[in-house]
2 protein chains.
Amino acid sequence: MTVSRALREPERVSVKSLSRIRAVIARLGYLPDPAAQALAAGRTNVIGVIVPSVTNNVFADVMRGVYAAAEDSRWQVQLGNSRYSPLEEERLVKTFLSQRPAGLIISGIDQSDETRALLRTSPCRIVQIMEISDQPLDMMIGFSHLEAARAATRHLLAMGYTRPGFLGARLDPRTQRRLAGFRDVAAAAGLLEDRRIVTTPQASTVTLGGLLMADLLSRAPETDAILCNNDDLALGALFECQRRGIAVPGKIGICGFNDLEMMAAAHPAISSVRTHRYEMGERAMRMLAAALDASEPAEPVVDLGFEVVERQSTLRP
Amino acid sequence: MTVSRALREPERVSVKSLSRIRAVIARLGYLPDPAAQALAAGRTNVIGVIVPSVTNNVFADVMRGVYAAAEDSRWQVQLGNSRYSPLEEERLVKTFLSQRPAGLIISGIDQSDETRALLRTSPCRIVQIMEISDQPLDMMIGFSHLEAARAATRHLLAMGYTRPGFLGARLDPRTQRRLAGFRDVAAAAGLLEDRRIVTTPQASTVTLGGLLMADLLSRAPETDAILCNNDDLALGALFECQRRGIAVPGKIGICGFNDLEMMAAAHPAISSVRTHRYEMGERAMRMLAAALDASEPAEPVVDLGFEVVERQSTLRP
DNA sequence: CGCTCTACTGGTAGCGCTAACATTTGTCAA
DNA sequence: TTGACAAATGTTAGCGCTACCAGTAGAGCG
C-alpha cells in the first residue's frame, strides 16, 4: 500500500520511505501494470481521440496538437479512425467506452443517435472538435465552416469576380456546410450557377483537383473564380490551369480551404482560409485535462474562428 | 465460464447456450472489460506502433496501411510518436511494454542500445519498418534508402545532368543514408561538389524547399539538377524555380523522394522515388498477426524495394 | 503519565476476467 | 443396462493493483 501511495500521492509518504521505495523501483525496473490499475481503480488515464481520417493533413495537424498537449501529462492518447463512417464511429465509441477512458475527443457534431446516447450516458468527459454548435454533448471547440466558406466567397466577390464556381470532394458534413456557405453568398449576390459547382464523393487529392478543374472548365468555361473545399483540390486546380496556360489569377482566381503550409509557398501563392487545426487539438486536450482535474465545467463551447488569407491567386489584376 | 468461452472459443459451446448467451449480451449491451482480460490472461490484443512523426505524409501512409490491416482483426493498434528522439522512443517502448502488448511495430533500425535490450528481452513479437538490414531484432520490412538514393542519382546522371546537387532537411538516419547514396554515385562519376549539398536540421516543408533552393542557387548557380530528400522539398524547389523564371527541367532537373500523390499532378510532373509506404504498414501488421497466430517465424526480412519514377521534371530537353 | 491528535503505514477485499482442472450430461456400443 | 468416452459446463484461484479502513508511532499538552 505504501508503495502504491508513493507512486500516486508521494506527499502522503515519509521522505524516508519514499527514497527507499524509489531506490528499489529503480533497481528492479518496476513499471506499474496499467491493466491492473484500470481494473482496481475503475478508471484509466486514456484519452480516446476519434477522427475520420489519419491521412488527411487536417487531422494530422489536430493530432499533433493533441499529442503535444498530452506530452508530459499523465494522460495517454489513443487514436481511432472512423474513416468518415458513422457506423465505424459507433463501433469505435463502444470499444473506447469499454476501456473506461477518462475522456474522449471526437470529431464533428454529426454522430448517430445511438452514438450520442452512448456518449451522454457514459461517465467520461467529451470534447467535440472541428465544428461549433449550440448543442454540445459536453464541451466543444472548433469554428463555423458555414461562416468560413461565406467569408471566402465574399472575398472572391469583393475582388471583382462575378462567375464563381466551387470544387468539392468527399462530401462529409463539414464540406457540405462549406458548400452551403458558398451557395448562400453567391445566391445573395445573384451569381449562383449550379453548373459551376463540381463535386465528387471521392477522397480529395491533388490529382483530383486537376480533374475537377478540367470538368468545370468543360462545363462552364466562363468561370472566373473557384472556391475549393480544401487545399489539395486548390493546388491540383492551379496545376491544371498551368498545364492549360490559363493565367491564375488573371483569368481564374483560386481559393483553397485550411491554409496548409504549401499554400504560401506555391507560385502563385494560393489564397486560403486559415483554420487553427493544431491549436484546436492542443486546446481540446487541455480543456479535457482541466475538466478532469477540476471537475468544473469551464467554458463549454470555444469558437476558434478562421481568417481568409488573401494571396496572389485571387488578386484580380 | 461458459460466457467467457462463448466469446473466445464459440466452437466449444453448444449452439443452444451460444444463442442464449448472445441474446443476453445484446440485451444488456455487455462489452468485455479489456483491463480485466489483460490482467487475467497476462496478455493483450494491443499492437504498439512507434513512428517518429504523426504529421509526416510518409508515416501517415504507413499508418493507414497498419490500420487497414488491423481492421476486422482482433488486434488493436496503439500509436506512439517518438518525434525523432531516441530518448522519447525509449520512454515509449517502456510504456508500451508495461502494457504487455502482443506485438510492436517500430520505425527504423537505429534504436538506442537500451531500447534494443528492452525489446530483445520482451516476450512480444517485433517488426521493424522503413529500412532493411541483416540484423533484425525479430522481423523487418522496408527498403534500402541508400540504394534508392543511388538509383535516383544514377537517373539524373543518365539524363545527362553533370552538376548535381542535393537538398536535405531533418537529417534523421534514413535521410543521411539517402545523402550517402547521392554522394556515392556522384563521387564515382567524378561529379561530387560539396557546395551543391544544402542541408538543414529543420523539419521539411514546401516553404523550406524554396529556401534551400534559393540558398543552393546563390552558392552554386551552375547546379543543373537536384535530388531532394523528400517530395515537400522538391515541390518547394519547383515553385522557387518558377518564381525565378528558371525552366524546369530545361535549366534545372528536380527529383523528389517518396512519390507522394501530388508529384504526378504537379506541372511539370515531378520525378520521384516511389516507396511502398501503405504496403509497408499493411504487411508489417500482417506479418505480426501471422507470427502471433502461427508462432512460426515466417520470412523475417522483407525488402519491398522502390522504383525511380521518371517524369517531366528530369527530362533533359 | 496518560490522553489526544496527526502522520504515516499496513491489512483486507475485490475490480472482471481467464487458466486449469473438476464435474455433469449425453451418446453409443456391447 | 452399463461402461467408456466425448462434449459441455462449472468451480476455484488468482492476475496486480486500489479503496477503504484499521492500526501504530510519535509529538504535544496538561
Side-chain angles (χ1 to χ4, degrees), chain A residues 1-46 48 74-76 78 94-103 118 121-124 292-293 295, chain B residues 1-48 73-76 78 94-103 118 121-124 292-293 295:
Chain A
M1 252 335 285
T2 303
V3 173
S4 175
R5 205 171 277 129
L7 290 166
R8 290 173 301 131
E9 308 168 279
E11 71 282 0
R12 296 182 23 102
V13 174
S14 69
V15 182
K16 199 178 136 218
S17 307
L18 209 54
S19 64
R20 269 182 66 208
I21 288 168
R22 288 193 171 147
V24 175
I25 282 177
R27 184 158 56 77
L28 301 180
Y30 167 84
L31 283 173
D33 180 331
Q37 288 179 312
L39 186 59
R43 56 185 153 65
T44 63
N45 291 331
V46 170
R74 65 205 175 91
W75 307 110
Q76 207 195 326
Q78 184 142 0
K94 281 181 190 158
T95 309
F96 274 128
L97 289 182
S98 76
Q99 292 181 59
R100 306 172 190 286
L118 280 166
T121 55
S122 95
C124 84
L292 289 168
D293 285 336
S295 280
Chain B
M1 243 345 274
T2 303
V3 173
S4 175
R5 209 172 271 131
L7 290 166
R8 290 173 301 128
E9 308 168 280
E11 70 282 359
R12 294 180 29 100
V13 174
S14 70
V15 182
K16 198 178 135 218
S17 306
L18 208 53
S19 65
R20 271 181 64 208
I21 288 169
R22 287 192 172 147
V24 175
I25 282 177
R27 184 159 55 79
L28 301 179
Y30 168 84
L31 284 172
D33 181 331
Q37 288 180 311
L39 186 59
R43 57 187 153 64
T44 63
N45 291 333
V46 170
I47 303 287
S73 77
R74 63 204 177 93
W75 307 111
Q76 206 195 327
Q78 183 142 1
K94 280 182 189 158
T95 308
F96 274 128
L97 289 183
S98 76
Q99 292 181 59
R100 306 174 192 287
L118 279 167
T121 55
S122 95
C124 82
L292 289 168
D293 286 335
S295 280

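Worth saying up front: this structure is predicted, and the values here are computed from it rather than measured. Any value given below was found using the heavy atoms of this structure, including those in side chains, with hydrogens, waters and symmetry copies removed. Note on naming: letters A, B, ... go to the chains in the order of the sequence lines (proteins, then strands), and numbering restarts at 1 for each one.
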| request: Could you state the atom-to-atom distance from CD of A:E9 to P of D:dA19 in whole Å? | output: 8 Å
| Along DNA chain C (nearest heavy atom to each residue), the more 5'-positioned of A:E11 and A:A40 | A:E11
| request: Remember a base hit wins even if backbone is also touched, and classify B:R8 as base, sugar-phosphate or nothing at under 4.0 Å, heavy atoms. | output: sugar-phosphate
| Protein-nucleotide distance (A:M1, atom CE; D:dT18, atom P), rounded to Å | 7 Å
| field | Leading and trailing nucleotides of DNA chain C with any atom under 4.0 Å from heavy atoms of chain A | value | C:dC8 to C:dG16
| Regarding A:S98 and A:T95, is there a side-chain donor-to-acceptor distance under 3.5 Å anywhere? | no
| field | Distance test, side-chain N/O of B:T2 to OP1/OP2 of D:dG10, below 4.0 Å | value | yes
| field | Heavy-atom pair with the smallest gap, counting every atom of B:L18 and B:V13 | value | N-CG1, 4.0 Å
| query | So which one's nearest nucleotide on DNA chain D is more toward 5', A:Q37 or A:R12? | reply | A:Q37
| request: Compare all side-chain heavy atoms of A:Q37 with those of A:R43 and state whether any distance is below 4.5 angstrom. | output: no
| said: Checking B:V46 against B:W75 for the side-chain contact (heavy atoms from CB on, under 4.5 Å) test, could you report, in this order, the C-alpha distance in whole Å, the side-chain angles of both residues, the deciding distance, and whether it holds? | reply: CA-CA 6 Å; B:V46 170; B:W75 307 111; over 6 Å; no
| request: Check whether any side-chain heavy atom of A:Q76 lies under 4.5 Å from a side-chain heavy atom of B:Q99, and answer yes or no. | output: yes
| message | It should be established whether A:R43 places a side-chain nitrogen or oxygen under 4.0 Å from OP1 or OP2 of nucleotide D:dA19. | response | yes
| query | Rounding to a whole Å, what distance do you find between B:R5:CZ and D:dT9:P? | reply | 8 Å
| task | Write down the atom of A:P10, the atom of A:R22, and the distance for their closest heavy-atom approach. | result | CB-NH2, 3.9 Å
| task | Side chain of B:V13 only, please: which of D:dT9, D:dT18, D:dC17 is the nearest? | result | D:dT9
| query | Side chain of A:T44, backbone of A:A38: donor and acceptor closer than 3.5 Å? | reply | no
| request: Please report, rounded to the nearest Å, how far the C1' atom of D:dA25 is from the NZ atom of A:K16. | output: 12 Å
| field | D:dT9 phosphate, OP1 or OP2, under 4.0 Å from B:S17 side-chain N/O | value | yes
